Amino acid sequence: MSVDVKRLGVCINGKPIVRDIDLHISDGERVGLIGSSGSGKSMISKALLGLLPTNAQVSGSAMVGGIQVVEASEPVLASLRGRYVGTVFQNPASSLNPVLSVGKQIELPLKLHYDLDKVDRQARVARMLEKVGLDATIAKKYPSELSGGQQQRVGIATALITSPRLIIADEPTTALDSITQRRIVDLLVELVDKAGASMLFITHDFSVLSCATTRCYVLECGQIADSGQTAALLADPQANSTRKLVDAAHELTLQRK
Amino acid sequence: MRFIVRRFLLFVAALFVISVVIFAALRILPGDAPSVMAGLNAPPERVAMLRSQMGLDRPLAVQYSSWIDGLLHGDFGISLLTGRPIGSMVAARCSVTFPLIVLGLIVAIAIGLTFGVMAVLTTRPALRSGFHLLGLIGGAIPALWGGLLLILLFGRGTGLLGVLPSQGFPETGWDSFRTAFASLVLPALTVGVISGASLMRYTRSALGDIMHSGYIDQAMACGYTRRAAALKVGLRLTMPQLVSVVGLMFASMITGVMVVENLFALPGIGTGLVTDLGNRDLIAVQSELFMLAAFFLFIGFLVDLLHRFLDPRLRYAVQERA
Amino acid sequence: MTEGQILLTGRGIQQVFGKGRGRQIAVDEVNIEVHSGQCLALIGGSGSGKSTLMRILLGLDKPTSGVVTFDGELVEGRRSAGYQALRRDSSLVFQNPFTSLDPRWTVFRSMAEPLNIRLGRHSRKNSLDIDRKTRESLSLVGLDPAEFLERYPADLSGGQAQRVAVARALMTDPKLIVADEPMSAVDVVARLQILEALAAIRQARPETSVIVISHDLGVVQRIADRIVVLHEGKVVESGSANDVLNRPKAVYTRELIAAASL
Amino acid sequence: MMMRNDSHNRAEEYQTGTDLSDMRQGAVSSVERSANQPSKRAAKDRENVALGRGFAVVLRLIWKRGEGKFALTVMTSWVAISLISLFWTPQSLWKTDGYQVWAKPSATQWLGTDGIGADVFSWLMAGARTDLFIAVASVIFAGILGVLLISIMVSRNSALSNGSVVAVDALISIPTILIALILAVPMGASVMVVVLACGIGYGLNLARVARPEALLAANSDYVGSALSYGASGFSVMLHHILPNVMPTVMVQLSLSAGTAVLAESGLTYLGIGVPSGVPSWGHSLATSVKLIDVYPLSALWPGLIVTIVAVALNIFGDVLRDTTDPSSNPELRRS
């Protein structure tokens with residue numbers, strides 16, 4: 001599913017957080033959105049999903065799969081979310097519903113959007129658990145009983161259970177340790193590619209971005225400062241903000257001698 | 001399971017402590033109870049007889065243990081004033097007070113939850129501040145005055161609309177159901193609206209906090225609308241907190257209940273307790289206070305259990321030691 | 001580089017939580033030593049026991065078995081000379097800078113706290129002195145004192161707040177600074193700034209030992225002299241940074257290296 | 001002995017090591033010491049000035065909001081009327097007139113007279129001072145009890161903290177009125193019954209409400225950091241934990257003041273609060289209940305005043321919370 005954002009702006013209580021955002025994701029493309037903390041990158045993903053707080057004002061245009069999501073009504077947005085757009089959040093410990101068992105959590109989008117019987121739904125959940133590398137017995141457990149990596153796998157399973165055409169991953173690995181981080185990114189990329197869906201991947205870390213995306217936008221102070229092929233930006237950053245991020249990434253990753 | 005046992009032991013321990021406190025409070029009463037009861041010019045023999053009737057001539061430890069022993073066997077003692085067993089007296093009063101509390105609670109929860117949720121969901125600033133004002137004023141009305149206003153508006157006889165009884169309870173009790181119920185409507189509304197306003201404030205702030213959490217984002221990302229997410233996920237997540245608040249509301253409501261019982265002349269526990277206290281009916285006051293305390297401690301016990309049950313994070317919390 | 005004296009040692013350290021079915025060995029027979037002037041990186045994923053080990057080495061928790069010494073003194077209970085020495089000569093930097101700075105205190109007050117505790121609020125070592133030291137420390141971590149001293153944590157970015165925390169750790173001129181995942185709660189640009197601050201400290205105070213705890217080999221490659229890799233409570237690899245990064249022996253270390261490489 | 005000596009030496013070494021100019025520290029002259037004195041006092045003054053300014057800023061911020069203006073006005077008038085009523089009321093409280101019972105409002109008796117012919121308005125005015133005393137006294141009592149309980153609940157002694165948590169959880173379900181009833185049995189109707197019952201009840205409630213925040217602060221890294229430098233539990237409590245729970249405590253106490261006024265009216269009406277010879281709003285309300293058959297509209301005034309005061313105290317609590325937090329309030333941070 002393609003995303004086309006034109007001159008998008010978000011204000012909260014009249015204070016501009018992001019402005020003049022132009023962003024495009026083609027069908028089946030994995031695109032990154034990178035910026036340091038406070039650059040407003042999460043606001044963009046929330047604007048695409050209609051998850052902004054009620055005191056936010058959105059301007060401009062954002063087409064998701066041919067539907068204008070700016071100013072769209074709540075039911076229209078809700079029919080998009082979970083069905084055509086799946087979302088993976090930063091911190092699964094504070095986003096997975098603590099009173100739902102893992103099985104029920106993953107099942108939720110199916111229940112809300114498709115008219116399937118219980119057996120069918122449970123079979124799909126079991127298949128999904130297997131795909132994200134979790135044991136089937138985990139379905140009966142609660143999120144608080146799982147490790148951070150397992151929780152994020154549950155988050156991915158919830159996002160992908162309806163085979164959505166677009167995945168929005170909002171810093172999905174920031175809360176995890178480095179090995180788990182790598183495994184989660186690899187898993188996400190593999191599943192998204194297999195499904196042929198598009199992905200918007202949000203992060204502050206170029207090294208993660210380079211594994212997950214082919215093209216990216218660099219965000220600084222609420223505006224797009226740079227964009228291009230991820231590999232090209234990484235090899236030869238031009239814009240100041242890009243260079244800062246790339247330098248940090250180089251400095252913080254191992255260069256094998 | 002271990003939690004239930006521990007909490008129950010605590011309940012029993014608290015019962016014991018409160019019984020000692022009540023017992024002690026009544027023994028350090030200024031003014032000798034038998035002389036007060038016997039009247040101003042009573043002969044000393046009569047005072048002494050009353051004293052032994054009340055069992056006050058025995059050592060304190062014996063008095064206490066025989067009282068507790070009686071309680072454990074369902075024997076609450078005999079009122080010296082009326083000569084009736086206290087147990088049946090209290091039972092009759094409860095048949096007025098409990099329906100009143102339950103009705104009040106229903107009103108409070110209906111008002112508190114509905115308006116609380118609406119206050120969170122509305123996007124119109126005017127409506128928002130309207131709910132805010134409602135919560136502020138509703139919770140600040142003294143029960144006595146609230147009752148008075150309702151009497152002025154609806155009370156039969158004095159009121160503007162004059163549709164509901166504002167004084168007394170039928171002699172025949174719940175046998176004449178309609179009159180009995182009708183006489184509880186205004187009192188229940190009084191305590192219900194006042195408690196409802198504070199419940200609304202709690203609901204609004206608890207649900208408001210949850211609405212800003214990642215849980216709601218996740219639920220909405222799965223395909224709920226904001227409204228549905230608030231009702232299906234948000235309310236469920238605030239439930240443990242709200243149960244605690246409702247439990248505490250029981251305790252805060254009882255002051256209002258006692259006041260409106262007196263205002264509306266209902267023969268409930270509040271009116272009874274105040275009368276017995278004025279008459280220095282020691283044994284009756286002692287047992288009644290204890291039963292009230294036991295009731296509230298038990299509510300507290302139930303609320304804690306329910307709270308535990310509603311929050312799987314507490315049930316299954318993995319011990320974190322990162 | 002020449003190795004200094006041994007500053008901190010842990011011998012046979014084991015920490016067991018719970019009993020019966022819930023029994024869990026968080027740290028298992030770990031031996032560790034830190035020389036003065038050395039930077040040691042303690043690496044492991046979540047649940048590897050690295051934070052538990054750190055608390056034991058700092059004398060904040062008592063191990064089930066094992067011995068910790070600091071500066072030649074035994075650390076055993078709050079009255080031991082080793083414990084007292086640890087409190088006096090070690091400083092901690094926490095993972096999340098915003099929870100390690102009191103939101104109601106200015107940067108100056110937070111930074112002055114260690115010295116105020118040490119010397120008593122109205123010591124002869126008066127405010128002028130503390131004032132000078134806060135300025136020195138802040139400059140060392142790359143923050144302008146004139147700009148930051150009177151700020152509150154709410155006015156700082158993650159990287160700035162964490163550097164304030166590092167600067168606070170310097171106030172007592174400690175022999176040992178322990179940083180518990182100092183870079184995992186902030187973004188990459190801030191990580192680099194913190195790394196530079198730590199490097200600056202090592203240069204300005206070559207005698208100071210630093211223990212950096214992290215889950216990421218990448219972030220410690222530039223500052224660590226020695227690396228100890230912890231996995232499920234056990235030391236799976238330890239050696240000079242060069243050896244561990246270039247000739248890893250354990251499978252787990254290789255995995256860590258792969259995860260940290262581009 | 002050796003060890004202690006050693007550590008002592010090192011402490012000195014440390015002190016001198018940090019600052020060369022302090023080498024003479026061992027022989028600090030009295031001149032130097034006295035020279036340090038003024039600067040210490042100056043620092044203290046600066047702290048006081050800062051505190052005073054903080055207070056002024058908070059007051060100004062409260063005043064800047066519409067609802068804050070309302071709350072402050074009501075509270076100031078309350079105090080003013082209480083003070084005035086000590087010296088002057090339109091009619092003497094004790095002037096009764098057997099021929100003028102249950103009189104309608106008139107030019108001299110603005111709200112009419114009660115069953116013994118005393119002026120209702122004057123009693124209402126004088127009631128302000130009793131309720132002010134009750135509100136202030138029970139808030140102070142609740143504050144002390146609550147803060148004490150909070151300190152115990154977050155103390156590092158786990159037996160103590162666990163014990164106090166369960167005790168508070170169990171006791172909290174005992175309603176204030178029950179405490180008042182138990183107290184009233186030996187003490188009779190008195191102002192102290194109201195103060196003690198409210199103090200105990202609201203103190204427990206305060207502890208319960210503020211506990212999560214206190215725990216958050218107690219388990220925070222800034223407390224951990226202070227402890228690791230050797231700060232005492234008491235000092236951490238005083239300088240870190242209490243300041244961080246203060247907003248919650250203030251809000252809660254402000255709400256409690258309002259509830260105390262409401263509770264006074266209920267308890268007095270039931271005959272276990274303020275005794276009948278003492279003016280109080282509860283007394284006036286109870287009078288107005290009887291006035292209702294005679295002149296319904298004047299029966300409304302006492303209740304209205306109690307409601308307005310309670311609303312003002314609630315609003316004050318809310319506004320106070322919003323204005324005293326430096327992390328959400330840039331104006332407090334500006335220096």
Side-chain angles (χ1 to χ4, degrees), chain B residues 6-7 10-11 13-14 17-18 21-22 24-31 135-137 139-149 151-152 158 194 201 244 247-248 250-256 258-259 262-263 270 273-274 277-278 282 285-286 289 292-293 296-301 303-304, chain D residues 67 166-167 169-188 197 201 205 208 255 258-259 261-272 281-282 285-286 288-289 291-293 296-297 299-300 302-315 318:
Chain B
R6 277 219 323 259
R7 188 62 183 80
L10 177 72
F11 166 64
V17 171
I18 205 85
V21 168
I22 292 174
L26 280 126
R27 300 306 123 155
I28 49 173
L29 195 70
L136 267 177
I137 295 176
I141 292 176
L144 189 56
W145 195 56
L148 215 58
L149 285 182
I151 291 178
L152 282 177
T158 42
I194 293 168
R201 290 178 58 157
S244 296
L248 288 180
F250 255 106
S252 61
M253 240 169 87
I254 196 71
T255 314
M258 287 190 172
V259 167
N262 276 281
L263 179 65
L273 202 48
V274 169
L277 198 62
L282 203 64
V285 170
Q286 183 173 290
L289 282 181
L292 262 183
F296 285 109
L297 285 174
F298 185 66
I299 294 283
F301 171 62
V303 163
D304 276 7
Chain D
E67 70 262 36
V166 285
D169 274 355
L171 287 179
I172 197 92
S173 49
I174 301 279
T176 314
I177 191 164
L178 206 59
I179 303 174
L181 277 167
I182 294 173
L183 288 172
V185 171
M187 293 170 73
N205 201 37
R208 202 188 70 103
L255 292 178
T259 321
V261 172
L262 294 177
E264 182 273 320
S265 72
L267 293 177
T268 302
Y269 175 68
L270 291 176
I272 49 176
W281 286 339
L285 257 170
S288 73
V289 171
L291 213 62
I292 192 171
D293 295 326
L297 278 186
L300 294 180
L304 193 64
I305 284 175
V306 173
T307 307
I308 287 176
V309 166
V311 166
L313 287 170
N314 282 354
I315 289 178
D318 286 350

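No experiment lies behind these values; they were computed from the predicted model shown. Lettering of chains follows the sequences in order, A, B, ..., and the numbering in each one begins at 1.
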Check whether D:Leu304 gets within reach of chain B through its side chain, its backbone, both or neither, counting any heavy atom under 4.5 Å. both

State, with a plain yes or no, whether a side-chain heavy atom of B:Met258 is found less than 4.5 Å away from one of D:Ile272. no

Atom OG1 of D:Thr307 and atom CG of B:Leu149: how far apart are they, to the nearest 0.5 Å? 8.0 Å

Side chain, backbone, both or neither: which part of D:Leu313 has a non-hydrogen atom closer than 4.5 Å to chain B? neither

Sub-4.5 Å side-chain heavy-atom contact between D:Leu178 and B:Ile254: no

In Å, rounded to the nearest 0.5 Å, how long is the span from CG of B:Leu263 to CG of D:Leu270? 10.5 Å

In terms of heavy-atom proximity below 4.5 Å to chain D, should B:Val285 be classed as side chain, backbone, both, or neither? side chain

B:Val259 versus chain D, heavy atoms under 4.5 Å apart: side chain, backbone, both or neither? both

I'd like to know whether B:Arg201 forms a side-chain contact (heavy atoms from CB on, under 4.5 Å) with D:Asn314, so could you lay out the CA-CA distance, the side-chain angles of the two residues, the decisive distance to 0.1 Å, and finally the verdict. CA-CA 11 Å; B:Arg201 290 178 58 157; D:Asn314 282 354; 3.5 Å; yes

Can you tell which part of D:Leu255 gets under 4.5 Å to a heavy atom of chain B, answering side chain, backbone, both or neither? side chain

Determine the option with the most heavy-atom pairs under 4.5 angstrom with chain D, choosing from B:Ile299, B:Val303, B:Ile141. B:Ile141

In terms of heavy-atom pairs under 4.5 Å with chain D, the winner among B:Gly256, B:Gly300, B:Pro142 is B:Pro142

Drop me the distance from D:Leu181's CG to B:Leu292's CG, to the nearest 0.5 angstrom. 8.0 Å

Which atom of D:Pro175 lies closest to which atom of B:Ala251, heavy atoms considered: CB-O, 3.0 Å

Which atoms of B:Ala14 approach chain D - backbone, side chain, both or neither, heavy atom under 4.5 Å: side chain

So for D:Ile315, is it side chain, backbone, both, or neither that comes closer than 4.5 Å to the heavy atoms of chain B? both

Closest heavy-atom pair and its distance - D:Ala310, B:Ala140: CB-CB, 3.5 Å

In terms of heavy-atom pairs under 4.5 Å with chain B, the winner among D:Leu285, D:Asp318, D:Ile308, D:Val309 is D:Leu285

What distance separates D:Leu262 CG from B:Leu144 CG, expressed to the nearest 0.5 Å? 11.0 Å

Tightest non-hydrogen contact, residues B:Leu248 and D:Asn205, listed as CD1-OD1, 4.4 Å

May I have the step-by-step check of side-chain contact (heavy atoms from CB on, under 4.5 Å) for B:Trp145 and D:Val306, ending in yes or no? CA-CA 9 Å; B:Trp145 195 56; D:Val306 173; over 6 Å; no

D:Leu300 versus B:Leu152: any side-chain heavy-atom pair under 4.5 Å? yes

Side chain from CB out, backbone as N, CA, C, O: work out which of these in B:Asp304 comes under 4.5 Å of a heavy atom of chain D, or both, or neither. side chain

